[in-house]
There are 4 protein chains.
Amino acid sequence: MSRKKTIDPVDLYTATEELILEHGYSRFHFKALAEKLGVARSTIYNYYDKKEELVTDYMIHLLERSVERIDDAAEEEEPVKGLIRLWSRYAHMHQMLQIMPYIDREATDKVRQNVQRMFELFQEMKAKIGVILTSGREAELMRQDVSLSTRVGFIMATVQIPISNMTEEEWVDEVYAIVRDGLYLNGKK
Amino acid sequence: MSRKKTIDPVDLYTATEELILEHGYSRFHFKALAEKLGVARSTIYNYYDKKEELVTDYMIHLLERSVERIDDAAEEEEPVKGLIRLWSRYAHMHQMLQIMPYIDREATDKVRQNVQRMFELFQEMKAKIGVILTSGREAELMRQDVSLSTRVGFIMATVQIPISNMTEEEWVDEVYAIVRDGLYLNGKK
Amino acid sequence: MSRKKTIDPVDLYTATEELILEHGYSRFHFKALAEKLGVARSTIYNYYDKKEELVTDYMIHLLERSVERIDDAAEEEEPVKGLIRLWSRYAHMHQMLQIMPYIDREATDKVRQNVQRMFELFQEMKAKIGVILTSGREAELMRQDVSLSTRVGFIMATVQIPISNMTEEEWVDEVYAIVRDGLYLNGKK
Amino acid sequence: MSRKKTIDPVDLYTATEELILEHGYSRFHFKALAEKLGVARSTIYNYYDKKEELVTDYMIHLLERSVERIDDAAEEEEPVKGLIRLWSRYAHMHQMLQIMPYIDREATDKVRQNVQRMFELFQEMKAKIGVILTSGREAELMRQDVSLSTRVGFIMATVQIPISNMTEEEWVDEVYAIVRDGLYLNGKK
DNA sequence: CATGAATGAGGCTTCATTCAT
DNA sequence: GATGAATGAAGCCTCATTCAT
């Protein structure tokens, strides 16, 4: 039959992620990717015709996993804390989403479709968070005087808070505390 | 911008900002810049030897103005609200800071120095926010059980919250409300 | 072509011809050929080591058949008309010959030999036409004040005349009429 | 002011023509062109963004000149002979037209427009020849029992007749002789 | 200063072809 | 034989940058 594959598709994603996180999208080339994987540049073209296709495929993969995890978070005792913990694990997702404006959406049809799919997944993510905030026990506990979209945006924005000199779990606790009760003392100690 | 064949340095900044906000840093070229300014590409080199120098100069200019405004915010009745209002005005600053990873810091000595200066300004900004949170009346009102760095990061992260279907002032009110009191009802209305 | 995983050599020729006529030699790749044949690209290499070898083999095959037909034409009542009718059937041969300048003759020894053989076949074709024009009844009917090579070239050039809005046979009649008697009235109707 | 130009646009056309005639369109690259002109490859991109744009521009230039010459031919004593003489001068035009199928017409908008323009010029050329064949003294002298399109195609096809062992003027005389009176003796000497 | 011209470096892609199974 | 995988060579193209006027 044929020769044994040297590129594991999972490695492709891993290498893509690492390169982008290390150097940013502008320095993400098939050349660098090939070097990292130890193959010829043209070899990658047997897997992906365009770098945009690879990147968007990877991002969809990442988003899909993230969206799944939101369901897990929803099951937790404190769903909002679950979301924040999710961010601590998927912090790089945020950085990946930042590169979206740099992607040439018109590169190929596949890219166009992928970008569309990413948009849908992003909406889905926001919708799921919206559901968490408006359903069950949360709805009762939560203030309704602020628009849902701002509340959802608020929770998502916390992914940006840097984690300095503490463990992941400490970060989650601190962020959850202020998300829940705010920065100000309200009769709290 | 101008039709004159000479470059007004202010136009350089304006055009730089517009190009980056419109198309992202990856599509920011001296070629496009020259077209926007109506001059020859090589003319820009009489002002800047490297595109990184231009961009970092511009970003320093932007950061310096922002830092000044923080002092104004500190004077307000509700300083934290002042900060949030500042974000609504300088939302693009956030986008500009996003491009930092894309800049080749090693390009020239000047760039290296500029990046260093940006870092200092950024620290200064965080420090000023820290001072606001720990001084005067705020210190008494604010919870101390969460680390200062997380609280500062929290306030800065709110710049990410999207402004959907509302005025700038409504956004400021909503965001300030949850920043202050959190997402949950705590005996509040 | 075939769905079998083995290649029928005849299919190879057919597919080659179709691809070249459709898209020209510059877009004739083993990639496209393999797709058309429903086999893997590398499989073709079990039959031909070089694409030039395949193409020239095919062209030789085509020329050989054409040369044979010239003998048939010579047997006809009006041999020159027979030649012209031959062109109407083998019009693609003309297009195939056009691609000769695009073939890398130095690719392999086989290619060199094939090109040589094609040249010989082409000479043979011209020779056979020359014989027709100078032998038997034709010689008496035909003017001798124009060099033989021009007369042969003239007949061969007619393959270029487009066939617009008429049947193959009408084209043959019209072309033969002017080849025989020229464009001008000479006491003719 | 600026540096002195090293590329004369006329040289660009000349080099383009030479390269294509020597090696065929498939071996016509900006790389080869740059070498021939003694400039860097990228320099050519300051003149033409796409090789298709250069080639089609050149071909339009060539066609336009040819079309003009047809008007001159029409003025001659024997217009058809004028056309044939024109071919002897513009024989390469025929070869250039052969490459049309190899040009990627969809490369850019400019290319699309150029190809359209070429098509129009080609139609114009055929129309002008048609006018010659049907107007004035010619119409009376010429047979009408063969369709105009075949007669026009016939004249254009003669450009293919090889010129072997004779001067240009001898070739013109010979070809004109058979175009006018045909291959056969009709009471002629 | 301003400019148009030229260039090199770097990235993108496509294919013919080779290789191991 | 047939195949899928890998590769190198070759061509395409864009831009930052330098240079001479």
Side-chain angles (χ1 to χ4, degrees), chain A residues 1-7 26-34 37-53 104 107-108, chain B residues 4-7 26-34 37-54 104 107-108, chain C residues 4-7 26-34 37-54 104 107-108, chain D residues 1-7 26-34 37-53 104 107-108:
Chain A
M1 290 292 111
S2 117
R3 215 150 143 189
K4 205 163 69 240
K5 270 206 186 197
T6 65
I7 296 186
S26 65
R27 289 227 273 266
F28 169 74
H29 329 126
F30 275 12
K31 190 183 174 197
L33 193 56
L37 291 167
V39 298
R41 212 183 337 178
S42 57
T43 302
I44 298 174
Y45 283 89
N46 292 333
Y47 296 79
Y48 284 96
D49 284 345
K50 282 267 179 186
K51 74 172 185 169
E52 281 84 2
E53 293 183 0
D104 177 7
T108 69
Chain B
K4 283 172 296 175
K5 287 298 175 180
T6 17
I7 298 180
S26 66
R27 290 223 272 263
F28 168 74
H29 322 129
F30 273 13
K31 197 182 174 190
L33 191 59
L37 291 166
V39 299
R41 211 171 347 162
S42 51
T43 304
I44 299 175
Y45 284 86
N46 293 326
Y47 298 81
Y48 284 98
D49 285 344
K50 282 269 177 188
K51 82 171 185 170
E52 281 84 1
E53 293 183 1
L54 166 55
D104 177 8
T108 69
Chain C
K4 284 173 297 176
K5 286 299 174 180
T6 18
I7 298 179
S26 66
R27 290 225 272 262
F28 169 74
H29 322 128
F30 273 14
K31 195 181 174 190
L33 190 59
L37 291 166
V39 298
R41 216 182 328 175
S42 51
T43 303
I44 300 174
Y45 284 85
N46 292 326
Y47 297 80
Y48 284 98
D49 284 345
K50 281 270 179 187
K51 82 172 187 170
E52 279 85 3
E53 293 183 3
L54 166 54
D104 177 8
T108 69
Chain D
M1 289 291 114
S2 116
R3 218 149 143 187
K4 204 163 70 242
K5 270 205 188 200
T6 65
I7 296 186
S26 66
R27 291 227 271 266
F28 169 74
H29 329 127
F30 275 12
K31 190 182 173 197
L33 193 57
L37 292 167
V39 298
R41 205 173 352 169
S42 56
T43 303
I44 298 174
Y45 282 90
N46 293 332
Y47 295 79
Y48 284 97
D49 284 344
K50 283 266 181 190
K51 73 172 184 168
E52 281 85 3
E53 293 184 0
D104 177 6
T108 68

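All chains are named by letter (A, B, ...) in the order of the sequence lines, taking the proteins before the strands, and each is independently numbered beginning at 1. Please read these numbers as outputs of a predicted model, since none were measured by experiment.
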Set of residues satisfying side chain to side chain contact (heavy atoms under 4.5 Å, CB included) with respect to A/Asp104, sequence neighbours excluded: A/Glu52, A/Glu106, A/Ala107
Secondary-structure notation, DNA chain E, from Watson-Crick and G-U pairs under 3.5 angstrom (| other strand): .||||||||||||||||||||
Results of side chain to side chain contact (heavy atoms under 4.5 Å, CB included) for D/Thr108 - residues two or more places apart only: D/Lys50, D/Glu53, D/Lys110, D/Val111
ring-ring contact (aromatic ring centres under 6.0 Å, His included) against C/Phe30, all qualifying residues, sequence neighbours excluded: C/Tyr45
Partners meeting side chain to side chain contact (heavy atoms under 4.5 Å, CB included) with B/Ser42 (sequence neighbours left out): B/Ala40
Nucleotide-resolved protein contact map, nucleotides 7-13 of chain F, B/S/- at heavy-atom distance under 4.0 Å: BB--SBB
Euclidean distance, atom CZ of residue D/Arg27 to atom C1' of E/dC15 [Å, nearest integer]: 16 Å
Sugar-phosphate, base or nothing in reach of D/Tyr47, heavy atoms under 4.0 Å: sugar-phosphate
Interatomic distance where CG belongs to B/Leu33 and P belongs to F/dT17 [whole Å]: 13 Å
Whole angstrom value for the distance that separates C1' of E/dT3 from CD1 of B/Ile7: 11 Å
Point-to-point distance, once rounded to the nearest 0.5 Å, from CG of C/Asn46 to CD1 of C/Ile7: 7.5 Å
Interatomic spacing from CZ in C/Arg41 to CG in C/Leu33 - rounded to 0.5 Å: 11.0 Å
Nearest-0.5 Å distance, CG of residue B/Leu54 to CD1 of residue B/Ile44: 7.5 Å
B/Asp104 CG to F/dC15 P, straight-line distance once rounded to whole Å: 18 Å
